[in-house]
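Structure first, commentary second.
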Number of protein chains: 2
Amino acid sequence: MSPSPQQNHLLAALPDEVQQRLFPYLKPVTLPLGKVLYESGEIQHQVFFPTDAIVSLLNVTENGASAEISVVGNDGLIGVSLFMGGESTPSRALVQSAGSALQLSARRLKEEFDRHGDLLLLLLRYTQSLITQMAQTAVCNRHHTIDQQLCRWLLLSLDRLPGNQLIMTQELIANMLGVRREGVTTAAGKLQKLGVIEYHRGHISVLDRPRLETLCCECYAVVKKETDRLLPWHPNK
Amino acid sequence: MSPSPQQNHLLAALPDEVQQRLFPYLKPVTLPLGKVLYESGEIQHQVFFPTDAIVSLLNVTENGASAEISVVGNDGLIGVSLFMGGESTPSRALVQSAGSALQLSARRLKEEFDRHGDLLLLLLRYTQSLITQMAQTAVCNRHHTIDQQLCRWLLLSLDRLPGNQLIMTQELIANMLGVRREGVTTAAGKLQKLGVIEYHRGHISVLDRPRLETLCCECYAVVKKETDRLLPWHPNK
DNA sequence: GGGAGTCGGTGCGCTAACAAACATAAAGCG
DNA sequence: CGCTTTATGTTTGTTAGCGCACCGACTCCC
């Protein structure tokens, strides 16, 4: 069953005319957990529009420590630097939740981008929402506890998934947040004790999302609000 | 003495034709220390091209804590969201080092941007370099010590100033880094003991820049390298 | 059904950074 | 000059998160 372009908000938001030009070139791909779409500094030849996968952008330090700087799901695309002009970035794009995406060659994307029409406007606004997310991540890393950050991370992921289930080990979450696995264990333990989530060997179920939002720092809300403002999303297009 | 547009790298990098269209509309302004160019969420009506001022982009949390997410000097402009399409951002733009800038109305900037010529390409590349800086700031906030971050911050500021002097209290630096003033005092004390800087009531002189770079985390180098790649700067244009 | 590997939970010592209070001293100003 | 303000230095707890070690328990797979 091939993923539909309409599942990706950016693709769905394009006018018919652009869709007709672009969609024939979209190639469905499946993204397994842990796959690296781009390595830091690598020239990028494709962009990816997730339909139900989630991809994290990570910056990795010299000594191997990492930190997630943004999360991309069916609300966005991977490969911003292609149209921004750099062709590569110092970040790694890592599949955080397995699923599908639609792949488009750099050439086709740039062709359409260079028409300076709706695609350009849309992608620039999307890029601004990414910037917002990165900025807020920086603040969150500075000022908020692991407990709060875990909540933020769960909410960001949940927004990009169909159900209320995450397939994700604590080890992986720790890598994303750039903290120790034990730190995540402790934080997740608290949430479980509160009945907010249920943890079971790599399967997280969020039982009480409203509660999760109250436990979270403001960072989630800030990003969400700004993203909604920049990219109003009407599923019933 | 009015600041010359050629002092700003972005303006200087524009082809003559664009310069002739744009430069007549540039208005010199002086930016005093502490001035707020944009408040979070505020609609922006101007962009600023610093010639010798330095402006910090800060995100502020609910409880008043703040964190700098990027630094802009004569290498860039303030007001990226204007051409990205959002018209505002959740960040505050605060003058960190007094000086001059050239101001341009949103209308004129967008007019030129919408020609989809060299200005568009240049500004998008600049935006990507900003993204790099933000991403690296997020990592740095997560993984590096105050000592290291102070070095990074000094180097970033130094690159945007003519001499080796900074006018800047520890209190202000602490606000930028999002740490306590005492933390900066301790870190700066170490640097002074090592003879790398000299501190004197709001005046910092960097005595041994090479040493400063060795004490710094990799973050400075990562950002510098990527920025140089994205925006090769030839003063002898 | 019985290992091997994976995942999560726990305890302990350690350090960086925080919080709050206080000391000092230079700069500025009447 | 003497007083106030501002900038920096210092001290004494306290705490969040780290590093490390280890254990138990679930899963997978032969």
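The shown structure was predicted, so the numbers you read here are calculated from the model rather than taken from an experiment.
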*asked:* Counting only side-chain heavy atoms from C-beta out, which of dC18(C), dT10(D), dG9(C) sits nearest to V179(B)?
replied: dC18(C)
*Looking across every strand, which nucleic acid part, if any, lies under 4.0 Å from T169(B) by heavy atom: base, sugar-phosphate, or nothing?*
sugar-phosphate
*Look at all strands and tell whether T145(A) reaches a base, only sugar-phosphate, or nothing, counting heavy atoms closer than 4.0 Å.*
sugar-phosphate
*Phosphate contact (dG9(D) OP1 or OP2) by Q170(B) side-chain N/O below 4.0 Å*: yes
*asked:* At 4.0 Å (heavy atoms only), tell me whether G202(A) reaches a base, stays on the sugar-phosphate, or touches nothing.
replied: sugar-phosphate
*Whole angstrom is fine here: how far is it from CD1 in I167(A) over to P in dT27(D)?*
13 Å
*Distance check: side-chain N/O of R180(B) vs OP1/OP2 of dC18(C), anything under 4.0 Å?*
yes
*Taking atom types as modelled, find out whether S88(A) and Q44(A) have a side-chain donor-acceptor pair closer than 3.5 angstrom.*
no
*For I173(B) and dA7(D), give me the distance from atom CD1 to atom P, rounded to whole Å.*
12 Å
_Looking at dT27(D), I'd like to know if its phosphate oxygens (OP1 or OP2) sit under 4.0 Å from a side-chain N or O belonging to H200(A)._
yes
*What's the spacing between S81(B) OG and R125(A) CZ if we round to 0.5 Å?*
10.0 Å
*Is there side-chain contact between Q96(A) and L172(A), with at least one heavy-atom pair below 4.5 Å?*
no
*In whole angstrom, give the distance that lies between atom NE2 of H143(A) and atom C1' of dG17(D).*
17 Å
*asked:* What I'd like to find out is whether the side chain of E198(A) reaches to under 4.5 Å of the side chain of I204(A), using heavy atoms alone.
replied: no
*Starting at atom CZ of R201(B), determine the distance to atom P of dA25(C), rounded to an integer number of angstrom.*
12 Å
*Between dT8(D), dC18(D), dA25(D), which nucleotide has the shortest distance from any of its atoms to the side chain of R181(B)?*
dT8(D)
